[in-house]
Amino acid sequence: MSTTPPLTTGPETTTLTPTGVKPIFEVDDLQVEFRTNAGVAKAVNHVGFSVAPGECLAIVGESGSGKTATLLAALRLLPTPPSRTTGGRVLVDGVDLFSLSRKELRDVLGRDISMVFQDSLSAFNPILTVGRQISEGVRRHRGLSKKQARALSIEMLERVGVPDPQQRVDQYPHQLSGGMRQRAMIAMALAGEPKVLIADEPTTALDVTVQAQILELVRSFQDLSIVWVSHDLGVVAGLADRVAVMYAGSIIEQGPVREIFHDPRHPYTRALLGSVPRLRDPDRNDLVSIPGLPPSLVDLPPGCPFYARCDVREDRCLSRMPELVDVAPRHQAACFVAADEARTHA
Amino acid sequence: MGLVRFAARRLLLALPTLLGLLVVAFVLANYLPGDPLARLLGDVGGSDPVARAAYEKEWGLDAPIYERFWVYLQHLVTGDMGQSTLTRRGVADDLLEFFPATVELALAAIVVAGVLGLVLGSVAAFYHNKWPDLVVRTIALVASGVPVFWLGIIGLQVFYLRFDVLPGPEGRLGRDFEPPTHITGLYTFDALITGDFGTMWDAMRHLLLPAFVLGSFFLGLLARMTRASMLEVLRAPHLVTARSKGVSARTLLQFHILPNALIPTVTVLGLAIGGLLAGAVLTETVFSWPGIGRYAVDAAKALDYQAILGVTVLIGAVYVVTNAVVDIVYAALDPRIRLGE
Ligand SMILES: Nc1ncnc2c1ncn2[C@@H]1O[C@H](COP(=O)(O)OP(=O)(O)OP(=O)(O)O)[C@@H](O)[C@H]1O
Ligand SMILES: [Mg+2]
């Protein structure tokens, strides 16, 4: 809004978000590998982003681009093996998650930051009641009694708009409809009143009307900082403040939502958006498929991973991976061609 | 409540199965070769037409098979399973005498197989692809691959003949011990109740090797099942959810890992009970164990058809009932079964 935002490093080690506010959630230079039979797959490569208090950052990208791996690794929830987090730093409200003991980590998860998953049926434990699972984390964090925990679960179910919370609280996950279950999972994630909510494609499995209700619900929590992973550009446009686009384990473009949609700079983002004529058309909202396949993560080429599918590629793109550079205020892209364009226009 | 209704329905469903079992057992026994009457009544009585006629009349032996079945059923509900030609006693009395020995052996085998199988399987899963996993997988393979007969003989060779740390094949108690007061017929239990710890210890020593031998197959099976279901649970998405809430390591294990992993193994345990009764025949022979298995072998050799029928009915009934109980336990553990999918 105002003049050029300060992009300098603050007095602490924490950098400032593009809007100049101290971020509540920050991922820096994250690297994750998976050991597979074919070799070591570099699923997340130098990924960094930050989220300001109350901000919603959307992460979009094709299947397999490393969105889930990034977020799970950031919260140290990826199983090791087969995964290994080989570098990076993650700060939640200034606390470095990677320097915490397991026990200290448990004090942060579910209390300062929590997560909502795509498949609500498999994300719940099938043999415990919904109510138990909603308050189970908070019970430990706040030392609640059984009775208090149950009351909290009912209250949370009510807040996310589940009818008959008194009955639902004692039911099992399979007894709830998909939409109800997703609401219950949001209740579970918000039970500890976290500052940051990470949502990994939370509406993909739901039909359109239910999707809209869930979005409305999430929007109603205004102070919450959100990282929202989605395939659905329509949802992203309506919800996010900023968008980060991932490709083959790297963020290749990020910026304010309007800029990403109306002035995309990276050829991959452009291709993604290329055939989304009307963002509100529910049938056309998914990411389009671009000819060709992303490169194998097992032996990533040294250059730009999008090279093989790119229509503005040049020889220099093969030499090294382009870094994210500013192409507009608060808007970065990792593309030599886009960077040159931005310079000539400036 | 869901569970009570489920249990009632499941037990009701067991009744037709039991009846079917009776029919099949009865028809099969009916086609056994030989002249049971001659055996039952002895050389003199068997050739005495009056004695034959009296017996035939009581059991309706001259009538068509469905009428005889009806007579058998009427006797059965009063606890009368006919006479054994071998022991010359009521089959029901024989079964009452021999069955507790088998029950004790099978229970001990289940405890051995259950505890070791679950522990070994869990250890293997937690150390997936490391050396403990390899050790457990080898044990499991050997344990469920080796024939009971052979394992029994090897066990006796090593622990009795070579090192003499366990008693030989002399049945349930050493020569110096008297069976404890009959309460349940399970010597260890009865001795414990009556405070006869010397006898209890001796009974346990006699039980150990046969229980191992009999349980070995299911030990292997359970270890592999537990390992597989544990590995599946350790990869399950709901565990990530639980960890994302910051629950304690104990909660994780106690509520999100163990119960989920153990549900499938309950089914195997149910199967084990039927399998153990079948395996008891061999084990009891090797260890001179005075149980139902040995009784069945003797009865079969003597073509003692009432006894064979009695054993079949008893084992079949145990099988049907335990299956029902396992289903009920399964439903108690898993709300998806109890409340319908
Ligand atoms: N457990 C695993 N073992 C091996 N490779 C894995 C594992 N989990 C993920 N990967 C690999 O890491 C890469 C990134 O996967 P990730 O699940 O993060 O993708 P995503 O962007 O979330 O995709 P989607 O949109 O389908 O959820 C993929 O190439 C995937 O094959
Ligand atoms: Mg994903």
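Numbers restart at 1 for each chain; the letters A, B, ... are given by sequence-line order, proteins then strands.
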Is chain A contacted by the side chain of B/Leu333, its backbone, both, or neither, given a heavy-atom distance below 4.5 Å?
backbone
Might you confirm whether atom CZ of A/Arg142 has over 12 heavy atoms from other residues, nucleotides or ligands at distances under 6.0 Å?
yes
Only one of A/Leu128, A/Ile127, A/Asn125 clears side chain to side chain contact (heavy atoms under 4.5 Å, CB included) with B/Phe255; which?
A/Leu128
Side chain / backbone / both / neither for A/Phe124 at chain B, heavy atoms under 4.5 Å:
backbone
Going by the side-chain hydrogen bond (donor to acceptor under 3.5 Å, both in side chains) test, which pairs reach into residues 211-225 of chain B, not counting sequence neighbours?
B/Ser144-B/Arg224
Atom group of A/Leu75 that falls short of 4.5 Å from chain B, counting heavy atoms:
neither
To the nearest 0.5 angstrom, please state how far the NE2 atom of A/His174 sits from the CG atom of B/Asp334.
8.0 Å
When you look at CZ of B/Phe99, are more than 12 heavy atoms from neighbouring residues, nucleotides or ligands closer to it than 6.0 Å?
yes
Contacts of type salt bridge (Lys or Arg N to Asp or Glu O under 4.0 Å), residue B/Arg235, not counting sequence neighbours
none
By residue number, those in residues 184-197 of chain A with heavy atoms under 4.5 Å from heavy atoms of chain B are A/Met188
Can you tell which part of A/Arg111 gets under 4.5 Å to a heavy atom of chain B, answering side chain, backbone, both or neither?
neither
Any side-chain heavy atom of B/His238 within less than 4.5 Å of one from A/Ser122?
no
Residue pair B/His256 / A/Gln133, side-chain donor-acceptor N/O under 3.5 Å
no
Which value, rounded to the nearest 0.5 Å, describes the distance between B/Lys245 atom NZ and A/Arg140 atom CZ?
12.5 Å
OH/A/Tyr172: more than 12 non-hydrogen atoms of other groups inside 6.0 Å:
yes
Give the intermediate values and the outcome of side chain to side chain contact (heavy atoms under 4.5 Å, CB included) for residues A/Phe117 and B/Val240.
CA-CA 10 Å; A/Phe117 301 88; B/Val240 177; 3.9 Å; yes
Using a 6.0 Å cut-off, check whether atom CD of B/Glu232 has over 12 heavy atoms from anything other than its own residue.
no
Closest non-hydrogen atom pair, A/Leu77 against B/Ser244:
CD1-CB, 3.6 Å
Residue, of A/Met115, A/Arg106, A/Arg76, that accumulates the most heavy atom pairs under 4.5 Å with chain B:
A/Arg106
Residues of residues 152-162 of chain A with any heavy atom under 4.5 Å of a heavy atom in chain B:
none
In terms of heavy-atom contacts, does CG of A/Asp223 have more than 12 from other residues, nucleotides or ligands at under 6.0 Å?
no
Spatial distance of atom CZ (B/Arg243) from atom CG (A/Leu72) [nearest 0.5 Å]:
9.0 Å
Is it the side chain or the backbone of A/Pro126 that comes within 4.5 Å of chain B heavy atoms, both, or neither?
both
